[in-house]
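Just below is one structure, and these are the notes that go with it.
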Amino acid sequence: MLKADSPSSNFIRNIVLEDLEANKNHGRVLTRFPPEPNGHLHIGHAKSICLNFGLAAEFGGLCNLRFDDTNPGREDVEYVESIKSAIRWLGFDWGDREYYASDYFEQLYQFAVRLIKDGKAYICDLSAGQMREYRGTLTEPGKDSPFRTRSVEENMGLYERMRAGEFQEGSRTLRAKIDMASSNLNMRDPVMYRILYATHHRTGDKWCIYPTYDFAHGQSDSIEGITHSVCTLEFEDHRPLYDWFLDQLKVYHPRQIEFARLNLSYTLMSKRRLLELVEQGHVTGWDDPRMPTLAGLRRRGYTPESIRNFCERIGVAKKNSTVDIALLEHCLREELNRCAPRVMAVLRPLRVVIDNYPEDRVEEVEAVNNPEDPSMGTRKVPFSRVLYVEQEDFREDPPKQFFRLAPGREVRLRYAYIIKCVGVVKEPVTGEVTELHCTFDPDTKSGSAQGGRRVKGTIHWVSAAHSLEAEVRLYNHLFVKPDPDDVEEGADWKSNLNENSLEILTSCRVEPSLAGAVPESHYQFERLGYFSVDSSDRTLTFNRAVPLRDTWAKIEKAQKKG
RNA sequence: UGGGCGGUCGCCAAGCGGUAAGGCACCGGGCUUUGGAUCCGGUAUCGAAGGUUCGAAUCCUUCCCGCCCAGCCA
């Protein structure tokens, strides 16, 4: 029986379990998370991080953090730092096991020398274009490179001179001598080393030849003694190649297992496209709260635990799939419902004057901080004659089942009194409702016997004179369609960008207890949603992480449909 | 078209020959000073067709559909 909080079954976990039972690796489990430092981490990476660190934790093993930094042209320390901080924030610790493929450059070089000496690799002078022609196609075999038969001595000499910087970038490569007719294109003499006159963020100008990912990855795993090398589906075709290198080199074989990467509805996971959104200003940066990046989710108000939970629930399999973003949102609500203090905030204020409430009177009503957790206590909220309520909580002409304010209607003010709407003030020209006049029933104070009176609706409010002004940013899905690629013939995925993905409200009023709210702290604005304090701001600014489930919105939508 | 990998409820996903877990979403209903939370109830015969078997989502055959591979990217 699985315990409720134990990881659910998935095929990778089962494989590890089987290996453990078979006493492979003497019961050792060592995984790794291998990012390339050329971009910021997103929720898709979180799936991999949780999987790798989770497997290690569950089976008493360890998980390395290894940067696959084999392409100096696109990598940067900035990314290394960003990635490390994201993993830490997510809640994982790689201890002192922080590695870099570049740490193995000398060793990888020596591995290549061995292959050359064994006649398994050769220096090829074909240009990139020629190499493509020689490679053949999916259905036709390739042709052997004319340089394939060079002698070991010539290859060694050339390889040493490549390292010494004697040749132009792109003029030669070191290739594995495998099989140009293989039905697996990865086996058609793949490039192992290329000449790149680029400064590497760690090794500087020490090298001008760099191993390809294909030549570096498997060997790096082997060097580290990784037991289970978990990667995404597209590397399935590369596995035979990695096995080939490891076999020729006669070194330790990790077990590679491939799983499907995460896709989420209404957003994107492609590094290239996310970069495009940033560069073209569709979002404000990598940490824009609308981005699926970990930095973005963090700023949006997502918690590490909710993301870990999400990763646990989506499972791990080999089927390409797109998870409904509603599940992610659910995981956040679930946690914040338990932990987030409740508070009252009015996003679109509508002034309410309680006609029969004394002008100079102020009461402190007691409000529960979290009904899910009594230990979080209560707080005092000031109540007075002039309040603000939510504009949408008043309808001059209320539809059926609308339980909020309307002319002549009663409603409960949360933690305070039942009030009745007795007057509506409008802007003479536009007809816009600008103020409500109400009367309160002094016998209905929250907590009192209230004479058996009950009303259908309860709304939140804030005392006009005591409330604080705040800015609130409402976020919605980045794209208008579940699949951003679902476009008309010829149209771009960007045509599916949601123009209303961000709505900024500047004249919101929040209860005074929010003064000095700490950046990144989370609150539930009662009846509205979960919000977190923006980290970048001087004034009180809240980001809406996720709205509360809204049954009324559903009812109304259904009513409008018919 | 060659090779690799997939196809279980609207979306994820367990299951590994013994008669379809769970979560999200959705739809009812109870409760409620958040139309929140919570509680109860509802919804699949497993891509298709054959076959093996007392018995198949699980084995075999054929077919259909989807994804990946022709970077000196990862």
Side-chain angles (χ1 to χ4, degrees), chain A residues 2 8-11 14 34-36 38-39 68 70-71 73-74 124 126-128 131-133 135-142 169-175 182-188 190-196 210 212-214 216-217 231-240 258 260 262 265 271 312-331 333-334 337-338 342 344 368 371-372 401-404 411-416 418 444 446-447 450 454-460 482 524-529 547-555:
Chain A
L2 289 172
S8 50
S9 173
N10 69 60
F11 80 102
N14 292 344
E36 183 192 13
N38 75 337
D68 274 334
T70 54
N71 190 356
R74 8 198 275 180
C124 183
L126 252 28
S127 69
M131 205 181 285
R132 191 178 316 121
E133 283 170 30
R135 188 153 33 228
T137 68
L138 293 179
T139 51
E140 302 157 33
E169 186 162 312
S171 63
R172 287 183 226 261
T173 56
L174 175 69
R175 293 225 258 165
S182 173
S183 52
N184 181 345
L185 303 225
N186 294 123
M187 302 298 269
R188 320 245 263 224
V191 171
M192 295 161 58
Y193 266 89
R194 65 296 210 192
I195 301 170
L196 250 29
Y210 292 92
T212 56
Y213 173 85
D214 277 346
H217 193 82
C231 63
T232 42
L233 256 26
E234 67 271 28
F235 294 106
E236 219 156 0
D237 286 344
H238 296 239
R239 182 157 28 102
E258 307 85 6
L262 169 68
S265 60
K271 253 185 215 176
E312 180 57 42
R313 294 212 210 181
I314 55 178
V316 180
K318 297 191 71 159
K319 184 174 67 170
N320 287 313
S321 61
T322 300
V323 175
D324 191 340
I325 199 166
L327 178 58
L328 214 211
E329 296 171 340
H330 171 265
C331 290
R333 287 195 193 100
E334 181 181 57
N337 174 51
R338 244 184 313 120
R342 268 95 238 228
M344 291 197 282
V368 172
E372 304 296 317
Q401 295 189 73
F402 183 83
F403 303 144
R404 286 112 100 148
V411 85
R412 158 142 245 136
L413 291 178
R414 173 134 244 229
Y415 297 124
I418 291 176
T444 58
S446 188
Q450 68 191 252
R454 302 180 73 181
V455 286
K456 280 272 201 180
T458 298
I459 66 174
H460 58 94
Q524 183 198 99
F525 287 181
E526 292 220 26
R527 303 209 307 133
L528 298 175
L548 247 29
R549 286 185 62 214
D550 189 348
T551 305
W552 165 241
K554 245 178 235 171
I555 294 171

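In what follows, chains are A, B, ... by sequence order, proteins preceding strands, each numbered from 1.
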Legend entry - Side chain proximity check, A/V323 to A/L328, heavy atoms < 4.5 angstrom: no

Inset, instruction - Using atom NZ of A/K554 as one end and atom C1' of B/rG36 as the other, report the distance to the nearest whole Å. - result: 12 Å

Inset, instruction - List in chain and number order the residues that pass side-chain hydrogen bond (donor to acceptor under 3.5 Å, both in side chains) with A/R333, two or more places apart in sequence or in another chain; answer none if no residue qualifies. - result: none

Legend entry - Minimum-distance nucleotide to A/L548 side chain [options: B/rG36, B/rA14, B/rC11]: B/rG36

Inset, instruction - Can you tell me the distance, in whole Å, between the CZ atom of A/R549 and the P atom of B/rC26? - result: 6 Å

Inset, instruction - Using a 90° cut-off around 0 for syn, call B/rG7 syn or anti. - result: anti

Inset, instruction - Figure out the CG/P separation between A/L328 and B/rC11, and round it to whole Å. - result: 18 Å

Inset, instruction - Quote, to the nearest angstrom, the C1' distance that separates B/rG51 from B/rG55. - result: 15 Å

Legend entry - A/I555 or A/N14, whichever maps to the more 5' nucleotide of RNA chain B: A/N14

Legend entry - Any A/S265 side-chain nitrogen or oxygen under 4.0 Å from OP1 or OP2 of B/rC11: no

Inset, instruction - Any strand is fair game: report the nucleotide pairing with B/rG71 by Watson-Crick or G-U wobble, both distances under 3.5 Å, or none. - result: none

Inset, instruction - Please state whether the phosphate of B/rU8, meaning OP1 or OP2, lies under 4.0 angstrom from any side-chain nitrogen or oxygen of A/K319. - result: yes

Inset, instruction - Return yes if some donor-acceptor pair links the side-chain N/O of A/T444 with the main-chain N/O of A/I418 below 3.5 Å, else return no. - result: yes

Inset, instruction - Check every strand shown and say whether A/F402 touches a base, only sugar-phosphate, or nothing at a heavy-atom separation below 4.0 Å. - result: base

Inset, instruction - Using the C1' atom as the reference point in each nucleotide, state the distance between B/rG17 and B/rC54 in Å, no decimals. - result: 12 Å

Inset, instruction - Return yes if the base of B/rG35 and the side-chain atoms of A/R404 contain a donor-acceptor N/O pair under 3.5 Å, otherwise no. - result: yes

Inset, instruction - Check every atom of B/rG35, B/rC11, B/rG23 against the side chain of A/D324 and return the nucleotide holding the closest atom. - result: B/rC11

Inset, instruction - Have a look at A/R239 and say if it touches a base, only the backbone sugar-phosphate, or nothing, with a 4.0 Å heavy-atom cut-off. - result: nothing

Inset, instruction - Using a heavy-atom cut-off of under 4.0 Å over every strand shown, decide if A/Q401 touches base, sugar-phosphate, or nothing. - result: base

Inset, instruction - Send over the distance from A/I459 CD1 to B/rG36 C1', rounded to a whole Å. - result: 16 Å

Inset, instruction - Have a look at A/V316 and say if it touches a base, only the backbone sugar-phosphate, or nothing, with a 4.0 Å heavy-atom cut-off. - result: sugar-phosphate

Legend entry - Between B/rG47 and B/rC9 - C1' atom distance, rounded Å: 14 Å

Inset, instruction - Quick one: look up who B/rA37 pairs with, Watson-Crick or G-U, both distances under 3.5 Å, and put none if it's unpaired. - result: none

Inset, instruction - Examine B/rU33: is either OP1 or OP2 under 4.0 Å from a nitrogen or oxygen in the side chain of A/R454? Give yes or no. - result: yes

Legend entry - Whole-Å distance separating the CZ atom of A/F403 from the C1' atom of B/rU34: 14 Å

Inset, instruction - Do nucleotides 67-74 of chain B as a string where each nucleotide becomes B, S or -: B if the base has a protein heavy atom under 4.0 Å, S if just the sugar-phosphate does, - if no protein is that close. - result: SBBBSBBB

Legend entry - Which residues share a side-chain hydrogen bond (donor to acceptor under 3.5 Å, both in side chains) with A/E234, sequence neighbours left out: A/T232, A/R261

Legend entry - Donor-acceptor pair under 3.5 Å, A/S446 side chain vs B/rU33 base: yes

Inset, instruction - Remember a base hit wins even if backbone is also touched, and classify A/R313 as base, sugar-phosphate or nothing at under 4.0 Å, heavy atoms. - result: sugar-phosphate

Inset, instruction - Ignoring backbone atoms, test whether A/R342 places a side-chain nitrogen or oxygen under 4.0 Å from the OP1 or OP2 oxygen of B/rG36. - result: no

Legend entry - Residues that A/R135 engages under side-chain hydrogen bond (donor to acceptor under 3.5 Å, both in side chains), provided they are two or more places apart: none

Legend entry - A/H460 vs B/rU34: side-chain N/O to OP1/OP2 distance below 4.0 Å: no

Inset, instruction - Kindly say whether A/N184 contributes a backbone atom to a donor-acceptor pair with the side chain of A/D237 at under 3.5 angstrom? - result: no

Legend entry - Whole-Å gap separating P (B/rG23) and CG (A/L327): 12 Å

Legend entry - Side-chain-base donor-acceptor pair under 3.5 Å for A/E372 and B/rG36: yes

Inset, instruction - Take atom C1' in B/rG15 and the same atom in B/rU45, then report the distance between them in whole Å. - result: 14 Å

Inset, instruction - Hey, can you tell me if A/F235 and A/Y213 have their rings parallel, tilted or perpendicular (30° and 60° cut-offs)? - result: tilted

Legend entry - Gap in Å between the two C1' atoms, one belonging to B/rU38 and one to B/rA74, rounded: 47 Å

Inset, instruction - Could you work out the separation of B/rA56 and B/rA25 based on their C1' atoms and round it to a whole Å? - result: 31 Å

Legend entry - Side-chain heavy-atom pair A/I195, A/S171 within 4.5 angstrom cut-off: yes

Legend entry - Closest listed nucleotide, where the reference is the side chain of A/N337 and the choices are B/rA37, B/rU34, B/rC24: B/rA37

Inset, instruction - Go through the N and O atoms of the side chain of A/R412 and the base of B/rU33, and report whether any donor-acceptor pair is under 3.5 Å. - result: yes

Inset, instruction - Please check the phosphate of B/rG15 (OP1 and OP2 only) for any side-chain N or O of A/S9 closer than 4.0 Å. - result: yes

Legend entry - Distance between C1' atoms of B/rG6 and B/rG41 (Å, rounded): 35 Å

Inset, instruction - Could you check how far CE of A/M344 sits from C1' of B/rU33, rounded to whole Å? - result: 11 Å

Inset, instruction - Kindly indicate whether the side chain of A/V368, heavy atoms from C-beta on, has any atom under 4.5 Å from the side chain of A/Y415. - result: yes

Which atom pairs link the protein and nucleotides 63-65 of chain B when you take only N or O atoms and keep those under 3.5 Å?
none

Inset, instruction - Could you check if a side-chain atom of A/E329 sits within less than 4.5 angstrom of a side-chain atom of A/D324, using non-hydrogen atoms only? - result: no

Legend entry - Side chain A/S265, main chain A/I325, donor-acceptor under 3.5 Å: yes

Inset, instruction - Select base, sugar-phosphate, or nothing to describe what A/P371 touches, counting heavy atoms under 4.0 Å on all strands. - result: base

Inset, instruction - For B/rU19 and B/rU62, measure between their P atoms and round to the nearest Å. - result: 30 Å

Inset, instruction - Provide the Watson-Crick or G-U wobble partner of B/rC63, both distances under 3.5 Å; none if there is no partner. - result: B/rG47

Legend entry - Within-4.5 Å side-chain heavy-atom neighbours: A/F11 and A/V316: yes

Legend entry - Set of side-chain hydrogen bond (donor to acceptor under 3.5 Å, both in side chains) partners for A/K318, sequence neighbours left out: A/E236

Legend entry - Rounded interatomic separation in angstrom, taking OH from A/Y415 and P from B/rU34: 8 Å

Inset, instruction - Compare side-chain N and O positions of A/R414 against OP1 and OP2 of B/rU34 and report whether any pair is under 4.0 Å apart. - result: yes

Inset, instruction - Look through every strand shown and name the nucleotide pairing with B/rG18 as Watson-Crick or G-U wobble, where both distances are under 3.5 Å. - result: B/rC54

Legend entry - Side-chain heavy atoms of A/C231 within contact of A/R239, under 4.5 Å: no

